[in-house]
Structures are given as C-alpha cells and as structure tokens.
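Order of listing sets the numbers, starting from 1, for every ligand and every atom in it.
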Amino acid sequence: MPIQILPPQLANQIAAGEVVERPASVVKELVENSLDAGANNIRIDIENGGATLIRIRDNGLGIAKDELALALARHATSKITSIDDLEAILSFGFRGEALASISSVSRLTLTSRTAEQNEAWQVFVQGRDQEHTIRPASHPVGTSVEVANLFFNTPARRKFLRTDKTEFAHIDEVIRRIALAKPHIVLTLTHNGKIIRQYKSAVNDQQKLKRVAAICGDDFVQHALQIDWKHDDLHLSGWVATPQSTRAQNDLNYCYINGRMVKDKVINHAIRQAYAEHLGAEQYPAFVLFLDLNPNDVDVNVHPTKHEVRFHQARLIHDFVCQGIANALLSAEQFDFSQSKE
Ligand code: ADP
Ligand code: MG
C-alpha cells in the first residue's frame with residue numbers, strides 16, 4: 001500500500017482509542033470540560049450503563065454559536081495558545097481532542113448558550129459523517145452534550161463493553177473522584193431515570209467532611225487524620241487513615257495533584273514509606289490527599305488520559321509527602337499514648 005494521510009474521521013477514531021475506552025471515560029472528559037467552563041452545577045444522566053445515552057448538562061460559560069462546530073474539531077481548544085501555557089496549565093483540558101474523539105465514535109449532540117446570546121444553538125454529528133448543521137435550540141446559559149450509541153460504528157470496541165451495571169459502576173467512580181476534589185460543585189447522577197447520587201455544594205469544613213463521608217464512608221472519616229502540611233510552594237492536605245485502620249484491600253486511595261486525580265508512583269511510594277512500620281504484607285493505607293504545587297513544577301502532558309504526571313523534582317516531592325504523613329501518624333501515636341496513660 002502507498003503511504004497516505006488518514007482521512008480526519010479515521011484519525012479521530014484511532015485517537016479515540018486512547019481517551020475513550022468506555023462510557024466512564026466519556027463522562028470524565030465531559031465533566032472535566034464542564035468544570036473548565038466554570039460550571040458549579042452539573043447533571044449527569046446515564047442510560048443503560050452509558051451504552052445508549054450519556055448526557056451532561058452544565059451551567060458553565062457556554063460555547064458561542066460560531067464556535068460550536070470548531071469545538072468538535074481535532075486539536076481545537078480554547079485553553080492554551082502556546083507551549084508556555086502548557087507549562088503552567090491548571091485546566092483539565094488542553095489537548096482539544098475529547099469532543100473530536102467522542103463524536104467520531106458516537107452520535108453526539110452539542111447544545112450551548114453563552115450569556116451574550118439570547119438563544120441557544122445546537123449541532124449534531126454522527127460518527128464518520130462530519131457534516132453538521134447548526135440549528136436553534138432551547139437551553140439556559142451553559143452546555144449540554146448528549147452522547148448516544150457509543151461505539152455504534154466501532155463494533156470491536158463495543159464488544160468490550162461490560163454489563164450495564166459494571167459500566168455504571170465505573171461512571172459512579174469517576175463522579176466520586178470528581179465529587180471529592182470539587183466539594184463546592186453540585187453534582188447529580190442518574191441512571192435510567194433514577195437519581196443515584198446527589199452531592200450538594202459543600203463550602204465549610206463540616207459540609208466538606210460530610211461529602212467525604214458520603215463517598216469514603218463514615219468509618220474512614222471517623223478514624224482519619226487530617227493533614228495540612230506546607231513547605232514553600234508545596235501544600236499537602238486531606239485525610240489519611242490512622243495506622244490502626246489500614247485496610248486489607250487497596251481500595252480507598254485518592255490522590256490529586258493540582259485538583260487532577262492521578263496514580264503516581266512517587267507519591268504512592270512516599271505514602272507507603274510513611275506507613276512502613278505500620279503496614280503488614282497485605283495491608284494498605286486509606287487516604288484522600290491533595291497535593292498542590294506550582295504548575296510549572298509538574299508535567300501533566302505525559303499520557304492522553306492525564307492519569308500520570310512527571311515531577312521536575314521528584315525526590316523533593318517524595319520527601320515532602322512522606323514527612324507530612326509521617327508527622328500526622330506520629331502525632332496520632334503520641335495522642336494515643338497520652339490517652340492510654342490515664
Ligand atoms: P479541551 O478540553 O482539551 O480543550 P475538548 O475537545 O474537550 O478539548 O473541548 C474543545 C473545546 O470546546 C474546549 O476547549 C472548550 O472551548 C469547548 N468546550 C467543550 N465542552 C465545553 C463546555 N461544557 N462548556 C464550555 N465550553 C466547552
Ligand atoms: Mg476537554
């Protein structure tokens with residue numbers, strides 16, 4: 001075969017393989033877009049585990065009529081304009097690929113209205129067919145994205161979908177992760193018309209703790225130590241389980257870097273080291289941790305799903321996190337000690 005440039009739709013479908021693994025990945029990308037648009041109220045409606053319908057509705061800034069079609073194009077983003085922007089990125093998105101990828105493997109309807117417009121506009125695209133018409137619609141300021149029949153034109157992908165229950169459980173987990181990181185955001189999740197989760201806006205400490213309890217369980221909150229550890233530009237906050245309440249499974253570990261949920265080897269190692277003497281072979285710490293640092297000191301553009309990051313000074317970060325947690329565990333022990341003397 002001669003070398004040819006792939007047609008844009010085929011290129012999009014291939015790229016979709018990287019970010020659109022299953023309905024939950026669509027939900028993650030779309031809710032992150034809503035957050036980037038400044039929404040504080042996001043509703044997620046799911047039908048049949050997301051296989052037939054995923055609808056995200058937000059009250060964010062909206063997309064102007066003349067940018068609606070562009071939003072669906074590949075490498076089209078409003079979030080960066082230069083490589084310098086990327087180095088200091090704080091938005092979730094910057095690749096300009098999610099909407100292009102999702103629309104290449106589904107029937108996607110994008111409806112939006114900005115505060116400057118008196119009416120909303122809607123664009124519909126369907127898989128390979130990139131023809132789209134823009135028509136007037138009814139919608140308050142904000143954006144709705146409706147993704148119907150995910151993978152309808154990529155049967156190989158569709159085959160990998162699990163049961164509705166399993167796919168919905170993955171979606172639920174995506175929403176839990178976001179709900180933990182963004183306590184002030186109102187989130188509603190429905191499945192087949194039934195409200196499954198409703199997170200109210202949590203502003204003060206008590207409300208925030210209530211949200212953590214709703215997501216991680218009362219047991220975790222009751223036995224957790226609060227962390228608030230700072231050094232220069234670094235800030236570690238959140239909760240870790242006391243050494244007595246470690247778990248037999250590695251199932252309660254949430255780590256966020258600048259608000260982005262990550263699975264990071266450096267941080268995980270630091271946490272295990274802090275717990276070292278308290279952990280047996282099959283025991284795991286439970287934690288909800290937020291590390292905030294200067295965005296210039298961490299590279300988030302390591303992988304398309306952005307689950308991985310690279311620290312410019314990994315050793316420094318490792319020791320900072322380890323000390324912060326070790327310090328919290330130590331003060332808990334001293335507290336225990338003084339209690340037991342009485
Ligand atoms: P990225 O998030 O990397 O910029 P996307 O493909 O996810 O790429 O989105 C493309 C663009 O569409 C965004 O940069 C943004 O301008 C616009 N957009 C997408 N979703 C929303 C939304 N919910 N509200 C407002 N604008 C949005
Ligand atoms: Mg995006």
Side-chain angles (χ1 to χ4, degrees), residues 8-9 11-21 24-45 54-83 85-106 108-117 120-125 130 132 134 137 139-147 150 174-175 177-178 181-182 185-188 258-261 295 300-307:
Q9 269 312 292
N12 284 341
Q13 284 177 332
I14 291 169
E18 287 178 347
V19 286
V20 191
E21 194 194 337
S25 19
V26 173
V27 171
K28 173 179 178 284
E29 292 294 333
L30 297 181
V31 174
E32 288 185 349
N33 277 348
S34 298
L35 292 170
D36 282 346
N40 61 15
N41 195 328
I42 306 172
R43 184 184 172 105
I44 305 102
D45 296 311
I54 297 167
R55 191 194 304 115
I56 316 282
R57 187 183 175 106
D58 71 47
N59 65 348
L61 291 173
I63 306 171
K65 181 194 175 193
D66 58 355
E67 292 190 340
L68 269 186
L70 197 57
L72 300 174
R74 187 133 174 245
H75 306 310
T77 179
S78 57
K79 297 169 194 174
I80 57 168
T81 55
S82 72
I83 199 72
D85 292 344
L86 185 56
E87 278 176 14
I89 195 88
L90 276 173
S91 60
F92 286 107
F94 55 78
R95 301 172 58 94
E97 286 200 310
L99 290 181
S101 294
I102 297 165
S103 65
S104 74
V105 292
S106 70
L108 186 144
T109 311
L110 175 62
T111 313
S112 197
R113 185 178 144 194
T114 61
E116 293 77 39
Q117 289 169 199
W121 292 87
Q122 183 172 78
V123 49
F124 171 75
V125 277
Q130 273 287 283
H132 40 246
I134 292 187
H139 197 283
V141 173
T143 303
S144 285
V145 184
E146 217 176 274
V147 176
L150 185 63
V174 163
I175 300 304
R177 290 173 182 179
I178 291 169
K182 306 283 169 192
I185 306 279
V186 178
L187 290 160
T188 309
N258 289 346
R260 194 187 291 283
M261 167 105 187
V300 294
N301 190 24
V302 180
H303 189 269
T305 61
K306 312 183 188 94
H307 283 315

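Side-chain atoms of Asn59 and Asn40 include a donor-acceptor pair closer than 3.5 Å.
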Steps toward side chain to side chain contact (heavy atoms under 4.5 Å, CB included) verdict (Ile56, Ser34): CA-CA 8 Å; Ile56 316 282; Ser34 298; 3.8 Å; yes
Self-check item: side chain to side chain contact (heavy atoms under 4.5 Å, CB included) between Asn33 and Phe92, intermediate numbers included
Solution: CA-CA 7 Å; Asn33 277 348; Phe92 286 107; over 6 Å; no
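Among the atoms of Asn33, an N, O or S atom is found under 2.8 Å from the Mg ion (ligand 2).
Looking at Ile175 and Arg177, their side chains never come closer than 4.5 Å, going by heavy atoms from C-beta outward. With contacts defined as side-chain heavy-atom distances shorter than 4.5 Å, the pair Val105/Gln9 does not qualify. Contact annotation: the side chain of Leu61 never approaches that of Thr114 to less than 4.5 Å [non-hydrogen atoms, C-beta and beyond].
A distance limit of 4.0 angstrom between heavy atoms and ligand 1 selects the residues Asn33, Ser34, Ala37, Asp58, Gly62, Ile63, Ala71, Ala76, Thr77, Ser78, Lys79, Gly93, Phe94, Arg95, Gly96, Glu97, Ala98, Leu99, Thr143.
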